[in-house]
Undergrad: 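To start, I am sharing the structure in question, which I have written as structure tokens.
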Amino acid sequence: MPAEITQIAHTPESNYDQLTITDATKIQQDLKKYLKLSPYRKVITTIAGADISLSLYSDTVYAGMVILSFPDLQPIAYSLVKSHTVFPYVPGYLAFREIPSLLKVYEQIPIKPDVIMFDGNGILHARRMGIASHFGVLTGTATMGCAKKKLAGQYEEPGNQRNDFSLVTDRREIVGYALRTKNDVKPVFISPGNKMSMQDSLEIAIKCVGKHRLPEPTRRAHEFVNLFRTGELKEGYHEVNELRLF
DNA sequence: GCGACAG
DNA sequence: ATCTTGTCGC
């Protein structure tokens, strides 16, 4: 592995500028060596949702993370950063487009969340290095993915009731779950990112489901970055006013 | 070559 | 991802 590749892969300040798909693939294969999928041990007190919002026909990105109390799932703080994309959207390489800005979002959070849920996948990925795993390895944090559509692998349609689930398999390996979060809705795809097991990711996802199809962390993150893009929320780290109802 | 394809 | 209109259902 070329030293430059290893260097860029382990430098949070990297913006993946001028990176080719071939280089990106090598970085993913390198980062995979540092994946840790052993059971999560601590008690979860906070969980964050991470997402970005883009303007059509613009390279401006509005990235953010919303920290929720757990298991209450109430927003207690959020971090927002306006940035620019330097990498195009290519299926399988989403991390290179979103991670640079999300690292800035994460850096300005004074008290880090126990777990971070991403709008995308963890190991449910051709090279087991979806955005959640990529971010988890770079920062050494516990992460998981929750995608709205299947990226890779095969699965049997889960039962039609809330909490029914099935396994997603890719090349003989179990890489995630198709989870029905509500009755009669399309399943979401759950997978561990880093520092947690397959089972942990499923249990956490189920505990994060509120009144909607998407688990609260990513649903709130999506909501907040859109409010940020439309000017209703400002850049920076903010604690949610206890008295304000969201 | 063909089909699939997170956000 | 974003944009946009309409429809269905609690």
Side-chain angles (χ1 to χ4, degrees), chain A residues 15-16 19 21 24-25 27-28 31-32 35 49-66 80-103 105 116-137 143-157 160 162 168-171 175-179 181-194 201 205 210-215 217-232:
Chain A
N15 61 4
Y16 299 124
L19 203 68
I21 293 299
T25 300
I27 289 175
Q28 292 179 332
L31 292 179
K32 185 174 183 294
L35 257 188
D51 193 19
I52 70 169
S53 180
L54 304 144
S55 290
L56 195 53
Y57 307 128
S58 168
D59 68 340
T60 301
V61 300
Y62 297 83
M65 286 180 52
V66 179
L80 303 170
V81 170
K82 182 177 179 179
S83 188
H84 297 276
T85 54
V86 294
F87 200 85
Y89 169 66
V90 181
Y93 300 87
L94 177 66
F96 297 92
R97 179 174 173 75
E98 304 196 351
I99 276 190
S101 51
L102 287 177
L103 283 174
V105 164
I116 307 174
M117 182 185 288
F118 290 77
D119 193 352
N121 299 291
I123 64 171
L124 204 174
H125 179 278
R127 290 167 294 284
R128 314 292 179 259
M129 197 40 70
I131 187 169
S133 295
H134 192 134
F135 187 98
V137 168
T143 61
M144 60 180 286
C146 175
K148 297 180 288 298
K149 291 185 293 188
K150 191 199 73 170
L151 169 65
Q154 311 84 224
Y155 71 102
E156 296 280 298
E157 196 62 27
N160 214 39
R162 172 184 182 309
V168 177
T169 305
D170 185 45
R171 288 174 299 161
V175 295
Y177 305 90
L179 170 67
T181 55
K182 312 296 281 186
N183 296 175
D184 308 309
V185 299
K186 292 168 52 170
V188 292
F189 298 85
I190 305 297
S191 61
N194 187 47
S201 69
K211 193 179 180 184
H212 307 268
R213 176 197 175 220
L214 296 183
T218 48
R219 189 185 74 80
R220 288 295 199 174
H222 191 261
E223 174 183 80
F224 276 54
V225 294
N226 274 314
L227 288 173
F228 178 31
R229 178 169 59 80
T230 56
E232 295 159 76

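Sequence lines set the chain letters: A, B, ... in the order given, protein chains first and strands last, and positions in each chain run from 1. This one's a predicted model, so the numbers in the text were calculated from it and none came from an experiment.
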Undergrad: Which stems, defined as runs of 3 or more consecutive Watson-Crick or G-U wobble pairs with both pairing distances under 3.5 Å, involve DNA chain C?
TA: none
Undergrad: Could I get the full list of side-chain hydrogen bond (donor to acceptor under 3.5 Å, both in side chains) partners for A:Lys148, not counting sequence neighbours?
TA: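 A:Lys148 satisfies side-chain hydrogen bond (donor to acceptor under 3.5 Å, both in side chains) with A:Asp119 only.
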Undergrad: Hey, does A:Asp184 reach any base, or is it just sugar-phosphate, or nothing, if we go heavy atoms under 4.0 Å?
TA: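 No contact.
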Undergrad: Rounded to the nearest 0.5 Å, what's the gap from CD on A:Glu232 to CD on A:Glu223? Could you check?
TA: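 A:Glu232 atom CD to A:Glu223 atom CD measures 10.0 Å (nearest 0.5 Å).
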Undergrad: With sequence neighbours left out, write down each residue that passes side chain to side chain contact (heavy atoms under 4.5 Å, CB included) with A:Ser191, or none if nothing qualifies.
TA: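 Scan of A:Ser191 (side chain to side chain contact (heavy atoms under 4.5 Å, CB included), adjacent residues dropped) gives A:Asn121, A:Ile123, A:Leu124.
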Undergrad: With a 4.5 Å heavy-atom cut-off, do A:Met65 and A:Ile116 have their side chains touching?
TA: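 Contact flag for A:Met65/A:Ile116 side chains = yes.
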Undergrad: Report the residues that fulfil side-chain hydrogen bond (donor to acceptor under 3.5 Å, both in side chains) with A:Thr60, sequence neighbours left out, ordered by chain and then residue number.
TA: A:Ser58
Undergrad: Students often mix this up, so state it plainly: with edges at 30° and 60°, are the rings of A:Phe96 and A:Phe87 parallel, tilted or perpendicular?
TA: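 A:Phe96 vs A:Phe87 ring planes: tilted.
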Undergrad: Report the residues that fulfil ring-ring contact (aromatic ring centres under 6.0 Å, His included) with A:Phe135, sequence neighbours left out, ordered by chain and then residue number.
TA: A:Tyr106, A:Phe118
Undergrad: Which nucleotide of DNA chain C is the first, and which the last, in the 5' to 3' direction, to come under 4.0 Å of a heavy atom belonging to chain A?
TA: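 It runs C:dA1 to C:dC3.
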Undergrad: Expected output check: what is the dot-bracket annotation of DNA chain B, where ( ) and [ ] are pairs inside the strand (brackets for crossing ones), | is paired with another strand, and pairs are Watson-Crick or G-U under 3.5 Å?
TA: .......
Undergrad: Any chance you could list the contact pattern along nucleotides 2-7 of chain B? Use B for base contacts, S for sugar-phosphate-only contacts and - for none, protein heavy atoms under 4.0 Å, 5' to 3'.
TA: ---BBB
Undergrad: Would you kindly say whether A:Asn160 and A:Asp184 are connected by a side-chain donor-acceptor distance under 3.5 Å?
TA: yes
Undergrad: List the atom pairs, with distances to 0.1 Å, where a side-chain N or O of residues 49-57 of chain A and a protein N or O form a donor-acceptor pair under 3.5 Å, not counting sequence neighbours.
TA:
residue: A:Ser53; atom: OG; partner: A:Asn226; partner atom: OD1; Å: 2.9
residue: A:Ser53; atom: OG; partner: A:Arg229; partner atom: NE; Å: 2.7

Undergrad: Tell me the salt bridge (charged side-chain N to carboxylate O under 4.0 Å, His left out) pairs involving residues 80-103 of chain A, sequence neighbours left out?
TA: none
Undergrad: Under the rule for side chain to side chain contact (heavy atoms under 4.5 Å, CB included), what residues qualify as partners of A:Glu156, not counting sequence neighbours?
TA: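 For A:Glu156 there are no side chain to side chain contact (heavy atoms under 4.5 Å, CB included) partners, ignoring immediate neighbours.
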Undergrad: Please name all residues satisfying side-chain hydrogen bond (donor to acceptor under 3.5 Å, both in side chains) with A:Tyr93, sequence neighbours left out, ordered by chain then number.
TA: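 A:Thr25, A:Arg127.
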